[in-house]
There are 2 protein chains.
Amino acid sequence: MSGREQAACCGRIETCERCGVRGLAVCRVLSPEELRELSRSMRTIELEPGEPLFHEGDPAHSVFTLTGGHLRLSRLLADGRRQVTGFLLPGDFLGLAFRDTYVATAEALDAAVLCTFPRTAFEDFLARHPRFEHELLARARSELAAAQEQMLVLGRKTARERLATFLVQLARRHGTGGRAVLHLPMGRADIADYLGLTVETVSRTFSAFRREGLVRLEGRSTVHIPSLPRLAAEAALE
Amino acid sequence: MSGREQAACCGRIETCERCGVRGLAVCRVLSPEELRELSRSMRTIELEPGEPLFHEGDPAHSVFTLTGGHLRLSRLLADGRRQVTGFLLPGDFLGLAFRDTYVATAEALDAAVLCTFPRTAFEDFLARHPRFEHELLARARSELAAAQEQMLVLGRKTARERLATFLVQLARRHGTGGRAVLHLPMGRADIADYLGLTVETVSRTFSAFRREGLVRLEGRSTVHIPSLPRLAAEAALE
DNA sequence: CACGCGCATTGACATGGCTCAAGAAATCCC
DNA sequence: GGGATTTCTTGAGCCATGTCAATGCGCGTG
């Protein structure tokens, strides 16, 4: 594991209580005392853009909560083909989908900040706080449902439908209304590897959406969606 | 919900204790007393081949353990495109990947037998038995890892690699050694919809494998695999 | 045991998305 | 702020897999 580690010395508890993702992250179900107990084993990590947090196959010694920035999860085949299995936003928990070793590689898309917990301490805490385990199970359920959704995207949707689905999902995750302005922290290659397409197809499809007025592109990574319903109609959302 | 329900009257507890999947299913972590408590709200259902257990979008009132036969989970797009998100074998638990409504349709592939629990009673039991919740979380983790694996298959593998991966996975799930004889409870269309292919491509790929001696087909649904490692080499398993 | 139906296989052709290649536009960095 | 670098876009041609259509075969049924 890499990244600039920081012992969360004196300011530890204040860090959690003032935490920007306090209402989003798994720890939202904890009381102040429980939070204090859990945070005793917590450290903070900062990653630079592109920096890996861990690699597929590494022994899974830690679990994480992303408090700032964005992460990319991916799996690699021997010949270099890559599948991005997910993007993490602030508040997301990282530590459900692995066994003894990490099953995917996690890398920072931009400057990212994480809380990290030794797995042993975390599981120990889990065993003593069933309500916390319940919260994790709820997240796992939600991720499973999302994973099935993604299977539908990858198995049965066209390139247009895949990109439209992706943009609509992102917009919804950001909690925006009928119109939306999205910032994409990931590049075209990441989107392609997430959607099972090539960079060229993603780019062409973006251009097609632009020509049709479904999106307006500003720079590389800002997407205006004038009508979310109209884009959703392209997404074949059942 | 359909299916022939049977109140598990007098023989209820013996049913669980003698259960063929006792060592496989989630209830393996329960003590005899806990088992008795849980089984109080249990009913048994039998399904005929092709019969649905529930449909995508139905309110999720129950959770299940499959004790005999096989199930297919699938999601449908408005125009009829279908993605099979999984096949269930005896011992599998059904009730992790949904929220208030079922996110997939579950149908019997052959004559299937299930234990069914009202969701409220089940969650109530869960709240009082953290060890049981822990077991469910472990299953959820495992399913999440499997779902990511399937994303890699659907997003990045060729038709040959997909079919080879599927057969190797099935063989491993059956716990067979270097050679294997598989019975496929699902048809070619189910396999196609699971792998994001068409029936024709699945059939052609089976035939190619047969010509190359990777498999021997006996009838429609029996597959001999003379060398699992050789088939695994075709599967691009990282 | 033969019939007929549904599922599987095979063939011929079409096409969506991939590959390879060039040029344009951001972004980085000094 | 300008040149280098990386990323993105666009174009042309191709190929793996899809589509459409015909035939074959296993299995349940009478």
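Here is the naming used below: chain letters follow the sequence lines, and residue numbers restart at 1 for every chain.
Put simply, CG on A/Leu114 and CE on A/Met42 are 11.0 Å apart, with the number rounded to the nearest 0.5 Å.
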Which side-chain N or O atoms in residues 202-209 of chain A pair as donor and acceptor under 3.5 Å with protein atoms at least two apart or in another chain?
| unit_1 | atom_1 | unit_2 | atom_2 | d |
| --- | --- | --- | --- | --- |
| A/Thr205 | OG1 | A/Thr201 | O | 2.7 |
| A/Ser207 | OG | A/Ser203 | O | 3.1 |
| A/Ser207 | OG | A/Arg210 | NH2 | 3.3 |

Can you give the donor-acceptor pairs under 3.5 Å from side chains of residues 177-189 of chain A to other protein atoms, not counting sequence neighbours?
| unit_1 | atom_1 | unit_2 | atom_2 | d |
| --- | --- | --- | --- | --- |
| A/Arg188 | NH1 | A/Arg220 | O | 3.1 |
| A/Arg188 | NH2 | A/Arg220 | O | 3.2 |

Can you give one letter per nucleotide of nucleotides 8-27 of chain D, 5' to 3': B if a protein heavy atom sits under 4.0 Å from the base, S if only from the sugar-phosphate, - if neither?
SBBBB----SSBB----B--
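Summary of helix geometry: the two end axes of the helix from C/dC1-D/dG30 to C/dC30-D/dG1, each defined by five base pairs via their C1' atoms, are inclined to each other by 50° (rounded to 10°).
Considering every non-hydrogen atom in both B/Cys19 and B/Thr67, the closest pair reads SG-CG2, 4.1 Å. Closest approach of B/Ala104 and B/Thr85 over heavy atoms only: CB-OG1, 4.3 Å.
Legend: ring pair (Phe, Tyr, Trp, His ring centres under 6.0 Å) pairs involving residues 76-96 of chain A, not counting sequence neighbours, sorted by first then second residue: A/Phe87-A/Tyr194, A/Phe93-A/Phe122. Applying the side-chain hydrogen bond (donor to acceptor under 3.5 Å, both in side chains) definition to pairs two or more places apart or across chains, those involving residues 224-238 of chain A are A/Arg160-A/Glu234, A/Arg216-A/His224, A/Glu218-A/His224, A/Glu238-B/Arg75. The side-chain hydrogen bond (donor to acceptor under 3.5 Å, both in side chains) contacts involving residues 88-100 of chain B comprise B/Asp92-B/Arg173, where partners must be two or more places apart or lie in separate chains.
Scanning for salt bridge (Lys or Arg N to Asp or Glu O under 4.0 Å) contacts around A/Glu143 gives an empty result, with sequence neighbours left out. Applying the salt bridge (Lys or Arg N to Asp or Glu O under 4.0 Å) rule to B/Glu200 yields no partners; only residues at least two apart in sequence or on another chain are considered. Taking the salt bridge (Lys or Arg N to Asp or Glu O under 4.0 Å) definition, one finds that A/Arg162 meets it with nothing, sequence neighbours left out.
In 5' to 3' order, the nucleotides of DNA chain C bounding all contacts with chain A (an atom under 4.0 Å from a heavy atom) are C/dG17 to C/dA26.
The aromatic rings of A/Phe98 and A/Phe54 sit perpendicular to each other, their planes meeting at more than 60°, with 30° as the lower class boundary.
Of the residues in residues 72-83 of chain A, not one comes within less than 4.0 Å of DNA chain D through any heavy atom.
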